[in-house]
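Order of the sequence lines sets the chain letters (A, B, ...), proteins ahead of strands, with each chain counted from 1.
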Amino acid sequence: MTLSEKYKPLTDAATTSEVKDLQVREQDGVLYIDGSAATGAIKDQLWAKYDQIDPNFTSSDLVLNIKTSPDAAVTKVKVTTDSSNLNIRKGPGTDQPIVGKAAHGEIITLVSQASEQWWQVRTTDGEEGYAYAQYLTPEA
Amino acid sequence: MKIISKLMALSLALTLGFVGCKPKDADIKSNVETALKTNPEAAAISVSVTDAVATLSGEVKEASSKSSAETAAAGAKGVKSVVNNLMTAAPVVQAPVEIAPADALTAGVRDATKDFPTVNATVDPAGVVTLTGTIAKDKRIALMQAISSLKPKRIENKLTTN
């Protein structure tokens with residue numbers, strides 16, 4: 001079975017849920033799937049499919065990169081850490097000094113999406129810096 | 001008077017005869033549809049016929065399907081001419097696979113694993129990320145999502161779940 005066949009339920013789901021800029025390529029024994037989902041829920045569905053096909057993700061034959069970049073209209077994001085405060089850093093990287101913190105559940109201002117991983121934010125206290133995007137959920 | 005009535009009768013007969021011979025648009029439409037059956041993308045093609053002019057519309061993947069559909073429709077019984085409004089879908093351009101440089105990947109992996117103290121991650125020069133250690137079952141996806149977004153060449157996941 002080829003990799004495209006193995007992961008067909010996943011790519012089919014991506015097509016059905018209208019993932020934009022969907023790219024599916026196979027190279028050196030790895031299938032690379034890239035695209036942009038409209039919502040985090042769609043991204044989660046696709047990862048659930050991946051989990052079904054390759055439980056615990058141990059096959060090392062897929063790199064699934066589904067982005068959920070909020071559109072430019074989004075200016076508020078919610079801090080969705082497990083429970084802890086979210087560090088706000090001077091620059092995009094955990095090697096950067098911490099310049100502030102945002103509480104779990106707090107809604108803060110999204111200044112820009114500096115990279116896929118790091119977003120520039122401003123807290124209600126006016127502290128500005130970079131936070132890890134995985135812990136930020138766009139407010140509708 | 002006699003001549004006029006004869007002429008009228010003749011013209012009526014001609015008109016009736018002409019209408020009688022002329023296939024109806026609905027019949028032509030079904031002729032065209034039959035002719036298109038052999039087209040590999042027949043399902044994507046819709047046909048309408050007005051006054052024996054067949055119009056083809058829809059979106060096909062191949063330019064060859066577009067031209068062969070036109071030829072087939074033109075050859076169908078009763079078709080006077082064909083308006084080919086078929087569109088060909090823009091080809092999907094596959095972007096080459098992008099692998100992040102090892103140093104950027106190393107920094108990204110460090111950021112992504114910071115909140116997973118039981119996970120050890122290494123990055124080789126080719127961009128292969130190897131994960132060892134343990135992880136809570138409900139955190140697997142979050143970690144894999146974070147690593148996958150960094151454009152690694154491959155993820156060797158040797159984590160055990162607890």
So with a 6.0 Å cut-off around [atom1] of [X], is the heavy-atom count from everything else above 12?
{"X": "Lys6(A)", "atom1": "NZ", "value": "yes"}
{"X": "Lys67(A)", "atom1": "NZ", "value": "no"}
{"X": "Glu18(A)", "atom1": "CD", "value": "no"}
{"X": "Lys78(A)", "atom1": "NZ", "value": "no"}

Next item on the list: Could you have a look at Gln145(B), Lys114(B), Arg110(B) and say which one has the most heavy-atom pairs with chain A under 4.5 angstrom?
Entry: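 Option with the top pair count is Gln145(B).
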Distance, nearest 0.5 Å, that separates [atom1] of [X] from [atom2] of [Y]:
{"X": "Thr58(A)", "Y": "Leu131(B)", "atom1": "OG1", "atom2": "CG", "answer": "12.0 Å"}
{"X": "Phe57(A)", "Y": "Asn157(B)", "atom1": "CZ", "atom2": "CG", "answer": "8.5 Å"}
{"X": "Asn65(A)", "Y": "Glu98(B)", "atom1": "CG", "atom2": "CD", "answer": "9.5 Å"}
{"X": "Met144(B)", "Y": "Tyr50(A)", "atom1": "CE", "atom2": "OH", "answer": "4.0 Å"}
{"X": "Lys139(B)", "Y": "Asp82(A)", "atom1": "NZ", "atom2": "CG", "answer": "3.0 Å"}

With hydrophobic residues grouped by side-chain heavy-atom distances under 4.5 Å, do [X] and [Y] end up in a single group?
{"X": "Ile107(A)", "Y": "Leu86(A)", "value": "no"}
{"X": "Leu46(A)", "Y": "Ile155(B)", "value": "yes"}
{"X": "Leu62(A)", "Y": "Val128(B)", "value": "no"}
{"X": "Val97(B)", "Y": "Leu10(A)", "value": "no"}
{"X": "Tyr32(A)", "Y": "Trp47(A)", "value": "no"}

Checklist line | chain A contact via Leu150(B) - which portion, at a heavy-atom distance below 4.5 Å | finding: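 Both parts, backbone and side chain.
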Item checked: Region of Lys153(B) in contact with chain A, defined by heavy-atom distances below 4.5 Å ->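 Both the backbone and the side chain of Lys153(B) come within 4.5 Å of chain A.
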Note to self: Assess, by modelled atom type and distance only, whether the side chains of Tyr135(A) and Asp115(B) contain a donor and an acceptor separated by less than 3.5 Å.
What the structure shows: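 Judged by distance alone, the side chains do pair up.
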Notebook entry, point to check: Can you check whether Ser149(B)'s main-chain N or O pairs, donor with acceptor, with Gln117(A)'s side chain at less than 3.5 Å?
Noted result: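 Yes; at least one donor-acceptor contact below 3.5 Å.
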Looking only at non-hydrogen atoms, find the nearest pair between [X] and [Y] and report the distance.
{"X": "Tyr132(A)", "Y": "Ala146(B)", "answer": "OH-CB, 4.0 Å"}
{"X": "Asp111(B)", "Y": "Thr94(A)", "answer": "OD1-OG1, 2.5 Å"}
{"X": "Val63(A)", "Y": "Ser148(B)", "answer": "CG1-O, 3.8 Å"}
{"X": "Ala95(B)", "Y": "Gln23(A)", "answer": "N-OE1, 2.8 Å"}

Margin query: Measuring only between side-chain heavy atoms, which start at C-beta, is Asp61(A) closer than 4.5 Å to Arg154(B)?
Written below: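 Not touching, per the 4.5 Å side-chain cut-off.
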Checklist line | Part of Asn87(A) lying under 4.5 Å from any heavy atom of chain B | finding: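 Answer is side chain: those atoms of Asn87(A) sit under 4.5 Å from chain B.
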Item checked: Asp95(A) versus chain B, the contacting section by heavy-atom distance below 4.5 Å ->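 Both parts, heavy atoms under 4.5 Å.
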Margin query: Using the rule given for salt bridge (charged side-chain N to carboxylate O under 4.0 Å, His left out), can you reason through Arg140(B) versus Asp51(A), listing the C-alpha separation, both sets of side-chain angles and the distance that settles it, and then say yes or no?
Written below: CA-CA 10 Å; Arg140(B) 293 167 307 142; Asp51(A) 199 8; 3.0 Å; yes
Next item on the list: Mind ranking Leu64(A), Asn56(A), Thr81(A), Ile66(A) by heavy-atom pairs under 4.5 Å with chain B and telling me who comes out on top?
Entry: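 Of Leu64(A), Asn56(A), Thr81(A), Ile66(A), Asn56(A) has the most heavy-atom pairs under 4.5 Å with chain B.
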